[in-house]
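Written below as structure tokens is the structure these notes are about.
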Amino acid sequence: MKGVVKSIICCAVTLAVSCVESGGGLCSLGNRGEQPNAKTEQRVRLLFAGDAMCHSPQIAAARQADGSLDFSESFVAMKPYFERADISVVNLETTISPNTTYSGYPMFSSPKEYAEALAQVGVDVALLANNHCCDRGARGIRTTIETLNRLGVAHTGAFADGDDYEQNRILRLDANGIKFSILNYTYGTNGMPVPSGCVVNLIDTMCITEDLRIAREGTDCVVAYLHWGEEYQSRPSREQRQLADFLHRHGADVVVGSHPHVVQPARATNGRVTIFSLGNFVSNQRKRYCDGGVVAEVEVVKSADGECRYDLTITPVWVALPEYKIMPPEVAAMENMSDAQHAMYEQFMSDTERLFVAGLN
């Protein structure tokens, strides 16, 4: 199994590309590493995780003997990854409940402790534009945003009101002297109308074109994170490929996808990075291909003349029950799994390796 892990992380999907851009930005997340020399290169690590879901069995697993909820066990093994990153991003595919009435699929409403666990492990940005963001109406959207604001987690994609939309429609971040704009869109909201007063970014090429035009102003790197594609399909659809090309043509440097709940390939060509689907970060989905995902680290290297280079590293992560513990390979190698769990883990790793070796051919 160690040979499989090595080939995934170090060979099959470690890619290097370059791009030329320059610009400005707004707020800073601070410097977690060494201060770069202003006369040499500046470096930022972006970390992208996939669908952070919260099914009812996950809530039950987090319930403590005293009745409190603690989701930290799910994320503890990922803490070094988030701490190593300068900006860490996750697709929050649930809403936060304003009370103690919780629900899983098909209408997600999760405890505030779930968001707190993500913040404690080091998540900087929660993306909200997905097909479940309207599950609990305006109250669900607004409670989610209020909770993230309290925790100091930046957000975009779904908005409490017009003021929130104007402020966070293009999320501008600054880390280690490199300026980023993050955009987030979804294909839909499961047929539910966007609540009155709230705003959700839907995939509309006219609106996206204008957003990208504005985002490029004063920015070194534009990231577009889309909720798209067909569920449970390990190959990106024709529409995904066309939309990715469209996004890059109009100024997106890094395109990241979620929603299929399975991993799809990545590509890095002509100075652009595209990750079609990260799969599940954490969920109760246990069938083949759905019981894990990948996290993508994009290292942005900006030279003194403003040129940016992008290095992409993909790491597979698998979710182990009963704690719903997200395990990267180095943790899984030390875990005392049952024979059945180990077989599921090896199947996931083998499937993921084959997918990335095959690429987009």
Side-chain angles (χ1 to χ4, degrees), residues 4-21 32-33 41-51 78 80-82 84-91 124-125 127 173 175-176 178 180-184 219-226 228-229 234-236 240-241 243-245 247-248 251-258 260 262-279 281 292-303 307-317 328-330 349 352-361:
V4 172
V5 172
K6 181 177 180 181
S7 67
I8 293 175
I9 297 177
C10 301
C11 178
V13 295
T14 300
L15 309 170
V17 295
S18 63
C19 172
V20 179
E21 284 298 342
R32 296 182 184 169
E41 292 182 335
Q42 295 163 300
R43 295 173 178 265
V44 169
R45 286 192 180 100
L46 307 177
L47 186 73
F48 298 99
D51 300 331
M78 295 304 300
Y81 284 80
F82 286 106
R84 188 166 63 240
D86 297 288
I87 301 174
S88 56
V89 182
V90 67
N91 171 49
D124 298 305
V125 178
L127 300 177
L173 304 172
N176 295 349
I178 302 179
F180 298 87
S181 289
I182 301 179
L183 307 173
N184 179 216
T219 298
D220 296 303
C221 175
V222 175
V223 176
Y225 195 117
L226 274 73
W228 62 0
S234 61
R235 311 297 297 176
Q240 281 175 274
R241 296 186 189 221
L243 187 52
D245 291 340
L247 292 165
H248 287 308
D253 302 297
V254 178
V255 174
V256 185
S258 62
V262 297
V263 177
Q264 293 179 346
R267 68 183 183 190
T269 57
N270 299 323
R272 300 163 177 170
V273 175
T274 310
I275 305 155
F276 283 101
S277 175
L278 295 166
F281 185 47
V294 297
V295 292
E297 182 181 278
V298 179
E299 185 176 44
V300 185
V301 183
K302 180 182 175 184
S303 63
E307 180 178 354
C308 290
R309 181 177 78 253
Y310 300 88
D311 296 331
L312 171 63
T313 302
I314 298 290
T315 302
V317 295
E330 69 277 9
M349 293 296 289
T352 304
E353 180 189 30
R354 284 197 301 269
L355 179 72
F356 279 101
V357 168
L360 290 165
N361 298 324

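Quantities reported herein were computed from a predicted structural model and do not represent experimental measurements.
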What is the distance from atom [atom1] of [X] to atom [atom2] of [Y], rounded to the nearest 0.5 Å?
X: L173; Y: I178; atom1: CG; atom2: CD1; result: 12.5 Å
X: S88; Y: L46; atom1: OG; atom2: CG; result: 9.5 Å
X: M78; Y: T315; atom1: CE; atom2: OG1; result: 7.5 Å
X: I182; Y: L127; atom1: CD1; atom2: CG; result: 6.5 Å
X: Q240; Y: L247; atom1: CD; atom2: CG; result: 11.5 Å
X: S258; Y: N91; atom1: OG; atom2: CG; result: 4.0 Å

Discussion item. Side chain to side chain contact (heavy atoms under 4.5 Å, CB included) for D311 and R309? Distances and angles first, verdict last.
Written reply: CA-CA 7 Å; D311 296 331; R309 181 177 78 253; 3.8 Å; yes

Is the closest side-chain heavy-atom distance between [X] and [Y] below 4.5 Å?
X: V298; Y: V256; value: no
X: Y81; Y: V317; value: no
X: L183; Y: V223; value: no
X: L355; Y: R235; value: yes
X: P329; Y: M349; value: yes

Do you know which two heavy atoms are closest between [X] and [Y], and how far apart they sit?
X: C221; Y: D253; value: CA-OD2, 3.3 Å
X: V44; Y: F180; value: CG1-CZ, 3.6 Å
X: P316; Y: V294; value: CA-CG1, 3.9 Å
X: G50; Y: V90; value: O-CG2, 3.6 Å
X: P265; Y: F356; value: CA-CE2, 4.0 Å
X: L47; Y: V295; value: CD1-CB, 4.3 Å

Worksheet item: Counting distance only, does the side-chain N/O of W228 pair as donor-acceptor with the main-chain N or O of F276 below 3.5 Å?
Response: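 Side chain of W228 to backbone of F276, a donor-acceptor pair under 3.5 Å: yes, one is there.
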
Discussion item. Would H248 and T274 count as a side chain to side chain contact (heavy atoms under 4.5 Å, CB included) here? Give the steps.
Written reply: CA-CA 9 Å; H248 287 308; T274 310; 2.7 Å; yes

Discussion item. V89 vs D124, test: side chain to side chain contact (heavy atoms under 4.5 Å, CB included). Steps then yes/no.
Written reply: CA-CA 6 Å; V89 182; D124 298 305; over 6 Å; no

Discussion item. Can you tell me how the ring of Y225 sits relative to the ring of F48, calling it parallel under 30°, perpendicular over 60° and tilted otherwise?
Written reply: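 Rings of Y225 and F48: tilted, 30 to 60°.
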
Closer than 4.0 angstrom, basic N to acidic O: yes or no for [X] and [Y]?
X: D245; Y: R267; result: yes
X: K302; Y: D220; result: yes
X: E299; Y: R43; result: yes

Item to complete: List in chain and number order the residues that pass side-chain contact (heavy atoms from CB on, under 4.5 Å) with S277, two or more places apart in sequence or in another chain; answer none if no residue qualifies.
Response: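 Residues passing side-chain contact (heavy atoms from CB on, under 4.5 Å) with S277: P260, Q264.
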
